[in-house]
Amino acid sequence: MTGHTLALAQQLLGFDTINPPGDEAACMAFFAGWLETQGFDVTLSGFGEKRVNLIAKMPGSQPGKPLAFTGHLDTVPLGNQTWQHDPFGSDVTAERLYGRGASDMKAAVAAFAVACVTHQTAIRAGKGVVMIITGGEETGCDGAKVLIDEGILPPVGALIVGEPTANYPVIGHKGALWLRCETRGKTAHGAMPELGINAIYLATEALGKIQHFEPGASHPLMKKPTLNVGRIHGGLNINSVPDHTEFDVDIRTAPNLQHATIRQNLTTALGDNVTISTLVDLPAVLSAQDNSWISNVYRRCQSLQAATLEAKIMPYFTDASLLLPALNHPPCIILGPGEPGMAHQTDEYCLLSRLAEAEHLYGELIVDWQEH
């Protein structure tokens, strides 16, 4: 690994881009400046106060679509536990780079950016590269939605998503359907509950039903869809009958399931006392394992793995859920140096060895793309 990759990763980690509330502006401005000094054509695109996306292009001189990388610069909050290491990237200890976003996924952004710069001669003599860097990914791919609505995404031939996979090539991930379920009752004095309709009781009945709800059939690779109720809120004060309750449901799905069908089936199962609205609707991602480019990625990654590579997916979602349909479904691989188990954890880190592997691996894939 070059010192440039570690230095750039630490610089990106040094910016507080915690989402919510979300503030990628300063980090994106720094990164845009860095890319421009390295010869990239950079476009910044805002989507709210201090919310920013970035598209960087290094064009080639040969016909054909460029290779694309994508990553996000927002991070999740630090959590309630005390960190033993600086969450903003200053600590490198025991071959680990610590910081919020080290694995998910600023180290990957640094690795593929430096790999592009290292191989820019091949890129300019070939078909080029594009980097799509988003804000707002952690809260439902907000930045990617804006890029698509703006219509400024360039055509690409293949997409590498730098999310944490420990440098194992991953061909897809589950979809995410987040739903808000609401019950409405009638308020009354807590000493006279018979005059009201308790919305919490209505929600409790719905929660009893949802525990036995099956979102759909199993998928050969992604297995059974999952469902989790992650938040509930109801009532205003202890001595009133609550007239409104809401709870949020997180359903993770596979390509064999239609989100509209799941929502309709859940609506039927919960009955007339529950109103359902959609918060996030992100389809599953799955590339064909026998695609020639995917096969080449596997070949490049095999040397880093002791066992024969197998088709693998991740349970988390990525911006690829929205980017791939907008880009006309190019082949896609999820491949990054971060540790999947470190994402969103206290004292999050990325191994320096993984970072070095990723920079080299990205470089090989860049050169392969330009030459074929």
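Predicted model only: the values in this text are computed from it and were never measured.
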Which residues pass the ring pair (Phe, Tyr, Trp, His ring centres under 6.0 Å) test with Phe15, sequence neighbours left out?
Phe30
What is the ring orientation for Phe69 with Phe112, classed by angle as parallel under 30°, tilted 30 to 60°, or perpendicular over 60°?
parallel
Provide the full list of salt bridge (charged side-chain N to carboxylate O under 4.0 Å, His left out) pairs with a residue in residues 48-58, sequence neighbours left out, each pair given once.
Glu24-Arg51
So, taking the atom named NZ in Lys174 and the one named CG in Leu286, what distance separates them when rounded to the nearest 0.5 Å?
12.5 Å
My understanding is that only residues two or more places apart in sequence, or in another chain, count here; which of them pass salt bridge (Lys or Arg N to Asp or Glu O under 4.0 Å) with Arg180?
Glu246, Asp248
OG1 of Thr121 to CD of Gln370, rounded to nearest 0.5 Å, is 11.0 Å
Side chain to side chain contact (heavy atoms under 4.5 Å, CB included) for Glu214 and Lys224? Distances and angles first, verdict last.
CA-CA 9 Å; Glu214 294 288 345; Lys224 289 188 67 174; 3.5 Å; yes
Applying a strict under-4.5 Å side-chain criterion to I, L, V, M, F, W and Y, I'd like to know whether Leu195 and Val241 cluster together.
no
If we only count heavy atoms from C-beta on, is the Tyr98 to Glu348 side-chain gap below 4.5 Å?
no
Do Val117 and Tyr362 belong to the same hydrophobic cluster, where Ile, Leu, Val, Met, Phe, Trp and Tyr are linked whenever their side-chain heavy atoms lie under 4.5 Å apart, directly or via other members?
yes
Any donor-acceptor pair under 3.5 Å from Lys127 side chain to Pro63 backbone
no
Worked check of side chain to side chain donor-acceptor pair (under 3.5 Å) between Asp347 and Gln84:
CA-CA 7 Å; Asp347 286 322; Gln84 301 303 311; 5.3 Å; no
Whether the Asp142 and Thr139 side chains hold a donor-acceptor pair (N or O, under 3.5 Å, no angle test) is what I'd like checked.
yes
On a heavy-atom basis, which atom in Glu310 and which in Tyr298 lie closest, and how many Å separate them?
O-OH, 3.7 Å
Applying side chain to side chain contact (heavy atoms under 4.5 Å, CB included), run through Tyr168 and Leu309 and close with a yes or a no.
CA-CA 8 Å; Tyr168 196 104; Leu309 291 173; 3.5 Å; yes
Assess the side chains of Glu339 and Ser103: does a donor N or O sit below 3.5 Å from an acceptor N or O?
no
How would you list, by chain and number, every residue that makes a ring pair (Phe, Tyr, Trp, His ring centres under 6.0 Å) with Phe31, sequence neighbours excluded?
none
For a quick test of reading the model, state the closest non-hydrogen atom pair linking Gly185 to Ala199 and the distance between them.
N-CB, 3.8 Å
Which pair of heavy atoms, one from Thr75 and one from Gly101, lies closest together, and at what distance?
CG2-CA, 3.8 Å
In Å and rounded to the nearest 0.5 Å, what is the CG to CD1 distance from Asp23 to Ile18?
10.5 Å
Go through it in stages, so that I can follow the logic: the residues are Ile197 and Asp243, the test is side chain to side chain contact (heavy atoms under 4.5 Å, CB included), and I'd like the CA-CA distance, side-chain angles, deciding distance and then a yes or no.
CA-CA 7 Å; Ile197 299 173; Asp243 62 359; over 6 Å; no
Kindly work out whether a path of hydrophobic side-chain contacts (I/L/V/M/F/W/Y, heavy atoms less than 4.5 Å apart) joins Val156 to Trp369.
no
Does a donor on one side chain and an acceptor on the other come within less than 3.5 Å for Thr278 and Arg263?
yes
In the hydrophobic cluster built from side-chain contacts under 4.5 Å, what are the other members alongside Ile232?
Leu177, Leu179, Leu207, Ile210, Phe213, Leu227, Val229, Phe247, Val249, Ile251, Leu257, Ile262, Leu266, Leu270, Val274, Ile276
Does any donor atom in the side chain of Ser45 or Glu150 lie under 3.5 Å from an acceptor atom in the other side chain?
yes
Would you say Thr165's side chain and Val170's backbone share a donor-acceptor pair under 3.5 angstrom?
no
Same cluster or not: Ile132 versus Phe47, using hydrophobic residues (I, L, V, M, F, W, Y) connected whenever any side-chain heavy atoms lie under 4.5 Å apart?
no
Under 3.5 Å, side-chain donor or acceptor atoms of residues 311-336 against the rest of the protein: list the pairs with distances, not counting sequence neighbours.
| residue | atom | partner | partner atom | Å |
| --- | --- | --- | --- | --- |
| Tyr316 | OH | Pro164 | O | 2.7 |
| Thr318 | OG1 | His173 | NE2 | 3.0 |
| Thr318 | OG1 | Ala320 | N | 3.0 |
| Asp319 | OD2 | Thr134 | OG1 | 2.6 |
| Ser321 | OG | Pro283 | O | 2.8 |

Kindly say whether Ala203 contributes a backbone atom to a donor-acceptor pair with the side chain of Thr245 at under 3.5 angstrom?
no
Counting only heavy atoms not in Gln302, do more than 12 sit closer than 6.0 Å to its CD atom?
yes
Please find the pair of heavy atoms, one from His259 and one from Leu282, that lie closest to each other, and give the distance.
CE1-O, 3.2 Å
Could you check if a side-chain atom of Thr183 sits within less than 4.5 angstrom of a side-chain atom of Thr275, using non-hydrogen atoms only?
no
Lys/Arg-Asp/Glu bridge criterion (N-O < 4.0 Å) met for Asp368, Arg300:
yes
Common cluster, Met58/Met28, ILVMFWY with side-chain heavy-atom separation under 4.5 Å:
yes
Rounded to the nearest 0.5 Å, how far apart are CD of Glu205 and CD1 of Ile200?
12.5 Å
Quick one: do Leu361 and Cys301 satisfy side chain to side chain contact (heavy atoms under 4.5 Å, CB included)? Show the steps, please.
CA-CA 7 Å; Leu361 193 54; Cys301 293; 3.6 Å; yes
Test item: Ser240 side-chain N/O and Asn237 main-chain N/O as donor-acceptor pair under 3.5 Å:
no
Once rounded to the nearest 0.5 Å, what's the spacing between atom OG of Ser303 and atom CD of Glu357?
8.5 Å
Do the non-hydrogen side-chain atoms of Val114 and Leu8 ever get within less than 4.5 Å of each other?
yes
Are Leu6 and Gln10 side-chain neighbours, meaning at least one heavy-atom pair lies under 4.5 Å?
yes
Using side-chain heavy atoms (C-beta onward) and a distance below 4.5 Å, is Val129 in contact with Phe40?
yes
Of all the heavy-atom pairs spanning His344 and Asp104, show the shortest one and how long it is.
NE2-OD2, 3.1 Å
His360 atom NE2: more than 12 heavy-atom contacts under 6.0 Å
no
Spacing of Ile160 atom CD1 and Ile366 atom CD1 [to the nearest 0.5 Å]:
7.0 Å
Got Glu137 and Met105 here, is their nearest side-chain heavy-atom distance under 4.5 Å?
no
Do Asp74 side-chain atoms and Glu138 backbone N/O form a donor-acceptor pair below 3.5 Å?
yes
Closest contact, heavy atoms only, Gly136 versus Asn19
CA-ND2, 3.6 Å
Under a 3.5 Å distance rule, please check whether Asn53 uses its side chain to pair with a backbone N or O of Gly135 as donor and acceptor.
yes
Between Asp250 and Trp178: side-chain donor-acceptor atoms closer than 3.5 Å:
yes
Quick one: does Leu352's side chain get under 4.5 Å of Arg96's, heavy atoms only?
no
Does a side-chain heavy-atom distance below 4.5 Å link Ser292 with Asn296?
no
Quick check against the 3.5 Å criterion: does Ser61 have a side-chain atom that pairs as donor or acceptor with the backbone of Arg124?
yes
